[in-house]
Amino acid sequence: MPGRGTTDAIFTFQQIQEKRQEKKVELFTTFVDLEKAYDRVPRDLVYWSLSKRKVPEKLIRLVKATYKKATTVVRTAHGKTGQFEIEVGLHQGSGLSPFLFTTVLDTISEECRNGLPWELLFADDLAIIADSEEELQRRWLKWQIGLETKGLKVNTGKTEVMVSGRNSTKVNIKDKEGRELNQVDQFKYLGVTFSEEGGIRNCSESKSEGCVAKMERPGDSHSR
(Lines give C-alpha, C1' and ligand atoms only; values in the text may rest on other atoms or scores of the structure.)
Protein backbone atom coordinates (compact mmCIF):
# COMPACT_ATOMS: atom_id res chain seq x y z
CA MET A 1 0.00 0.00 0.00
CA PRO A 2 1.29 3.49 -0.80
CA GLY A 3 2.78 5.22 2.23
CA ARG A 4 2.94 2.01 4.26
CA GLY A 5 6.18 0.41 5.43
CA THR A 6 7.50 -2.08 7.93
CA THR A 7 7.16 0.45 10.77
CA ASP A 8 3.36 0.40 10.37
CA ALA A 9 3.18 -3.38 10.84
CA ILE A 10 5.71 -3.27 13.70
CA PHE A 11 3.88 -0.45 15.48
CA THR A 12 0.55 -2.25 15.05
CA PHE A 13 1.85 -5.44 16.66
CA GLN A 14 3.45 -3.43 19.46
CA GLN A 15 0.14 -1.70 20.18
CA ILE A 16 -1.80 -4.98 20.14
CA GLN A 17 0.63 -6.43 22.69
CA GLU A 18 0.34 -3.38 24.92
CA LYS A 19 -3.48 -3.31 24.81
CA ARG A 20 -3.64 -6.99 25.77
CA GLN A 21 -1.24 -6.38 28.63
CA GLU A 22 -3.35 -3.50 29.93
CA LYS A 23 -6.35 -5.83 29.98
CA LYS A 24 -4.22 -8.70 31.40
CA VAL A 25 -5.21 -10.86 28.44
CA GLU A 26 -2.81 -13.21 26.67
CA LEU A 27 -2.00 -12.79 22.98
CA PHE A 28 -1.42 -15.87 20.83
CA THR A 29 0.62 -15.43 17.64
CA THR A 30 1.93 -17.69 14.89
CA PHE A 31 4.77 -16.23 12.81
CA VAL A 32 4.58 -17.98 9.45
CA ASP A 33 7.65 -18.68 7.32
CA LEU A 34 7.07 -19.19 3.60
CA GLU A 35 9.71 -21.51 2.16
CA LYS A 36 11.67 -19.83 -0.65
CA ALA A 37 8.65 -17.63 -1.24
CA TYR A 38 9.60 -16.03 -4.57
CA ASP A 39 11.16 -19.22 -5.95
CA ARG A 40 8.09 -21.38 -5.39
CA VAL A 41 5.30 -19.26 -6.87
CA PRO A 42 3.69 -21.24 -9.74
CA ARG A 43 3.55 -19.16 -12.93
CA ASP A 44 -0.05 -20.17 -13.64
CA LEU A 45 -0.97 -18.89 -10.17
CA VAL A 46 0.53 -15.51 -11.06
CA TYR A 47 -1.51 -15.23 -14.26
CA TRP A 48 -4.67 -16.44 -12.51
CA SER A 49 -4.23 -13.89 -9.70
CA LEU A 50 -3.76 -11.05 -12.18
CA SER A 51 -6.89 -12.12 -14.00
CA LYS A 52 -8.84 -12.30 -10.72
CA ARG A 53 -7.73 -8.75 -9.99
CA LYS A 54 -9.08 -7.76 -13.41
CA VAL A 55 -5.72 -6.77 -14.85
CA PRO A 56 -6.19 -6.23 -18.61
CA GLU A 57 -5.40 -9.33 -20.67
CA LYS A 58 -2.92 -7.34 -22.73
CA LEU A 59 -0.82 -6.64 -19.63
CA ILE A 60 -1.06 -10.27 -18.52
CA ARG A 61 0.31 -11.34 -21.90
CA LEU A 62 3.21 -8.94 -21.41
CA VAL A 63 3.96 -10.51 -18.02
CA LYS A 64 3.83 -13.97 -19.61
CA ALA A 65 6.27 -12.82 -22.27
CA THR A 66 8.87 -11.91 -19.63
CA TYR A 67 8.74 -15.49 -18.32
CA LYS A 68 8.58 -17.32 -21.63
CA LYS A 69 11.58 -19.62 -22.03
CA ALA A 70 13.38 -17.92 -19.13
CA THR A 71 16.72 -19.65 -18.55
CA THR A 72 19.58 -19.50 -16.08
CA VAL A 73 22.93 -21.07 -15.29
CA VAL A 74 24.41 -22.25 -12.00
CA ARG A 75 27.94 -21.32 -11.01
CA THR A 76 29.82 -24.14 -9.30
CA ALA A 77 33.38 -24.73 -8.11
CA HIS A 78 34.03 -26.40 -11.45
CA GLY A 79 32.56 -23.62 -13.59
CA LYS A 80 29.11 -22.81 -14.90
CA THR A 81 26.47 -25.32 -15.89
CA GLY A 82 24.72 -25.19 -19.23
CA GLN A 83 21.61 -23.06 -19.56
CA PHE A 84 18.35 -24.63 -18.41
CA GLU A 85 14.80 -23.38 -18.38
CA ILE A 86 13.08 -22.18 -15.18
CA GLU A 87 9.38 -23.03 -15.08
CA VAL A 88 8.45 -21.86 -11.58
CA GLY A 89 9.09 -18.82 -9.40
CA LEU A 90 9.47 -15.09 -9.92
CA HIS A 91 12.45 -13.31 -11.40
CA GLN A 92 14.99 -12.36 -8.73
CA GLY A 93 15.92 -8.67 -8.80
CA SER A 94 13.02 -7.66 -11.01
CA GLY A 95 11.11 -4.54 -9.98
CA LEU A 96 7.91 -6.28 -11.07
CA SER A 97 8.35 -9.33 -8.82
CA PRO A 98 7.29 -7.69 -5.50
CA PHE A 99 4.07 -6.48 -7.14
CA LEU A 100 3.35 -9.92 -8.60
CA PHE A 101 4.06 -11.65 -5.29
CA THR A 102 1.86 -9.24 -3.35
CA THR A 103 -0.94 -9.71 -5.89
CA VAL A 104 -0.70 -13.49 -5.57
CA LEU A 105 -0.77 -13.44 -1.76
CA ASP A 106 -3.58 -10.91 -1.65
CA THR A 107 -5.67 -13.00 -4.04
CA ILE A 108 -5.14 -16.49 -2.62
CA SER A 109 -5.58 -15.31 0.98
CA GLU A 110 -9.07 -13.91 0.45
CA GLU A 111 -10.65 -17.04 1.91
CA CYS A 112 -8.19 -17.12 4.83
CA ARG A 113 -8.18 -13.54 6.00
CA ASN A 114 -10.07 -12.19 8.97
CA GLY A 115 -8.57 -8.72 8.57
CA LEU A 116 -6.80 -6.45 11.02
CA PRO A 117 -5.81 -6.97 13.76
CA TRP A 118 -5.94 -10.75 13.30
CA GLU A 119 -3.37 -10.90 10.50
CA LEU A 120 -0.35 -8.72 9.79
CA LEU A 121 1.04 -9.38 6.31
CA PHE A 122 3.98 -7.46 4.89
CA ALA A 123 5.53 -9.02 1.76
CA ASP A 124 6.08 -12.64 2.85
CA ASP A 125 6.15 -11.89 6.60
CA LEU A 126 2.87 -13.12 8.07
CA ALA A 127 1.77 -12.94 11.70
CA ILE A 128 -1.50 -14.68 12.62
CA ILE A 129 -3.03 -13.42 15.87
CA ALA A 130 -5.72 -14.85 18.16
CA ASP A 131 -7.17 -14.49 21.65
CA SER A 132 -6.91 -18.19 22.50
CA GLU A 133 -4.94 -21.32 21.66
CA GLU A 134 -7.96 -22.92 20.02
CA GLU A 135 -8.62 -19.90 17.82
CA LEU A 136 -4.96 -19.67 16.81
CA GLN A 137 -4.93 -23.34 15.85
CA ARG A 138 -7.98 -22.87 13.67
CA ARG A 139 -6.74 -19.72 11.96
CA TRP A 140 -3.21 -21.03 11.39
CA LEU A 141 -4.44 -24.26 9.79
CA LYS A 142 -6.79 -22.30 7.55
CA TRP A 143 -3.86 -20.22 6.31
CA GLN A 144 -1.51 -23.19 5.88
CA ILE A 145 -4.03 -25.21 3.90
CA GLY A 146 -5.07 -22.18 1.84
CA LEU A 147 -1.48 -21.29 0.89
CA GLU A 148 -0.31 -24.82 0.17
CA THR A 149 -3.41 -25.71 -1.83
CA LYS A 150 -2.44 -22.95 -4.27
CA GLY A 151 1.14 -24.16 -4.62
CA LEU A 152 3.09 -22.21 -1.99
CA LYS A 153 5.02 -24.01 0.73
CA VAL A 154 5.01 -23.16 4.43
CA ASN A 155 8.23 -23.98 6.25
CA THR A 156 6.80 -25.43 9.46
CA GLY A 157 10.31 -25.93 10.84
CA LYS A 158 10.77 -22.15 10.93
CA THR A 159 7.14 -21.23 11.65
CA GLU A 160 6.97 -20.41 15.35
CA VAL A 161 4.43 -19.61 18.05
CA MET A 162 4.66 -17.03 20.82
CA VAL A 163 2.26 -16.35 23.69
CA SER A 164 2.48 -12.81 25.05
CA GLY A 165 1.45 -12.28 28.64
CA ARG A 166 2.58 -12.34 32.24
CA ASN A 167 2.24 -16.11 32.49
CA SER A 168 4.36 -18.43 30.34
CA THR A 169 1.47 -20.44 28.95
CA LYS A 170 2.53 -23.57 27.08
CA VAL A 171 0.49 -24.25 23.95
CA ASN A 172 0.38 -27.11 21.47
CA ILE A 173 -0.18 -25.65 18.00
CA LYS A 174 0.16 -28.22 15.20
CA ASP A 175 0.45 -28.13 11.43
CA LYS A 176 -1.87 -30.04 9.09
CA GLU A 177 0.37 -33.11 9.38
CA GLY A 178 0.04 -33.11 13.16
CA ARG A 179 3.55 -31.82 13.85
CA GLU A 180 3.88 -29.41 16.77
CA LEU A 181 5.17 -25.93 16.00
CA ASN A 182 8.05 -24.58 18.04
CA GLN A 183 7.05 -22.18 20.80
CA VAL A 184 9.47 -19.32 21.51
CA ASP A 185 9.78 -16.58 24.13
CA GLN A 186 10.88 -14.00 21.56
CA PHE A 187 10.64 -13.54 17.81
CA LYS A 188 12.25 -11.18 15.30
CA TYR A 189 9.45 -9.76 13.17
CA LEU A 190 10.43 -7.38 10.36
CA GLY A 191 13.81 -6.79 11.97
CA VAL A 192 12.47 -6.11 15.47
CA THR A 193 12.61 -8.62 18.32
CA PHE A 194 9.39 -8.90 20.32
CA SER A 195 9.33 -10.77 23.63
CA GLU A 196 6.59 -12.78 25.28
CA GLU A 197 6.65 -10.38 28.23
CA GLY A 198 5.73 -7.60 25.82
CA GLY A 199 7.77 -4.83 24.33
CA ILE A 200 10.80 -4.75 22.06
CA ARG A 201 14.22 -6.11 22.98
CA ASN A 202 16.17 -4.70 20.06
CA CYS A 203 15.70 -3.46 16.52
CA SER A 204 17.47 -3.59 13.19
CA GLU A 205 18.02 -0.32 11.36
CA SER A 206 18.13 -2.16 8.04
CA LYS A 207 14.46 -3.14 8.00
CA SER A 208 12.62 -0.99 10.51
CA GLU A 209 13.88 2.43 9.40
CA GLY A 210 15.02 3.26 12.92
CA CYS A 211 14.42 1.97 16.40
CA VAL A 212 10.72 1.33 16.81
CA ALA A 213 11.21 0.99 20.54
CA LYS A 214 11.51 4.76 20.57
CA MET A 215 8.47 5.30 18.41
CA GLU A 216 5.89 7.72 19.74
CA ARG A 217 2.18 7.15 19.92
CA PRO A 218 0.17 9.69 17.93
CA GLY A 219 -0.02 12.78 20.11
CA ASP A 220 2.87 11.82 22.38
CA SER A 221 5.33 14.59 23.04
CA HIS A 222 8.23 12.34 24.04
CA SER A 223 9.81 9.07 22.96
CA ARG A 224 9.44 5.84 24.88
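- Using modelled atom types, one side-chain atom of S132 and one backbone atom of E135 make a donor-acceptor pair closer than 3.5 Å.
- Rounded to the nearest 0.5 Å, atoms CG (L181) and OG1 (T159) are 6.5 Å apart.
- The existence of a salt bridge linking E133 and R139 is excluded, since no basic side-chain nitrogen approaches an acidic carboxylate oxygen closer than 4.0 Å.
- Here F194 and F187 keep their ring centres 6.0 angstrom or further from each other.
- Looking at W140 and V32, their side chains come closer than 4.5 Å, going by heavy atoms from C-beta outward.
- Pairing each heavy atom of K174 with each of L141, the nearest pair is O-CD2, 3.7 Å.
- A donor-acceptor contact shorter than 3.5 Å links the side chain of S97 to the backbone of H91.
- Residues E160 and T30 form no side-chain contact, since every pair of their non-hydrogen atoms from C-beta on lies 4.5 Å or further apart.
- The pair E110-K52 does not meet the salt-bridge criterion, since no charged nitrogen lies less than 4.0 angstrom from a carboxylate oxygen.
- The closest side-chain heavy-atom distance from I108 to V104 is below 4.5 Å.
- Residues passing the salt bridge (Lys or Arg N to Asp or Glu O under 4.0 Å) test with D39: none are found, sequence neighbours excluded.
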side-chain hydrogen bond (donor to acceptor under 3.5 Å, both in side chains) between S164 and Q17, worked out: CA-CA 7 Å; S164 304; Q17 267 197 326; 2.9 Å; yes
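- For the pair Y67/Y47, a side-chain contact is recorded, criterion being any heavy-atom separation below 4.5 Å from C-beta on.
- Counting only distance, with no hydrogens or angles, the side chain of E148 and the backbone of V154 share a donor-acceptor pair below 3.5 Å.
- By the 30° and 60° cut-offs, the orientation of the rings of F31 relative to Y189 is tilted.
- Between T29 and L136, every side-chain heavy-atom pair lies at or beyond the 4.5 Å cut-off.
- Checking side-chain atoms of E119 against main-chain N and O of A127 turns up no donor-acceptor pair under 3.5 Å.
- Remark: side-chain polar atoms of K142 are paired, donor with acceptor, to backbone N or O of E111 under 3.5 angstrom.
- When atom types are taken as modelled, the side chain of Q183 and the backbone of V171 share a donor-acceptor pair closer than 3.5 angstrom.
- Inter-residue side-chain proximity for V161 and N182 is flagged as unmet; no heavy-atom pair is nearer than 4.5 Å.
- At least one side-chain heavy atom of F101 sits less than 4.5 Å from a side-chain heavy atom of V41.
- Here salt bridge (Lys or Arg N to Asp or Glu O under 4.0 Å) pairs that include residues 27-36, with residues two or more places apart or in two chains, are E35-R40.
- Within a 6.0 Å sphere centred on NZ of K24, heavy atoms belonging to other residues, nucleotides or ligands number 12 at most.
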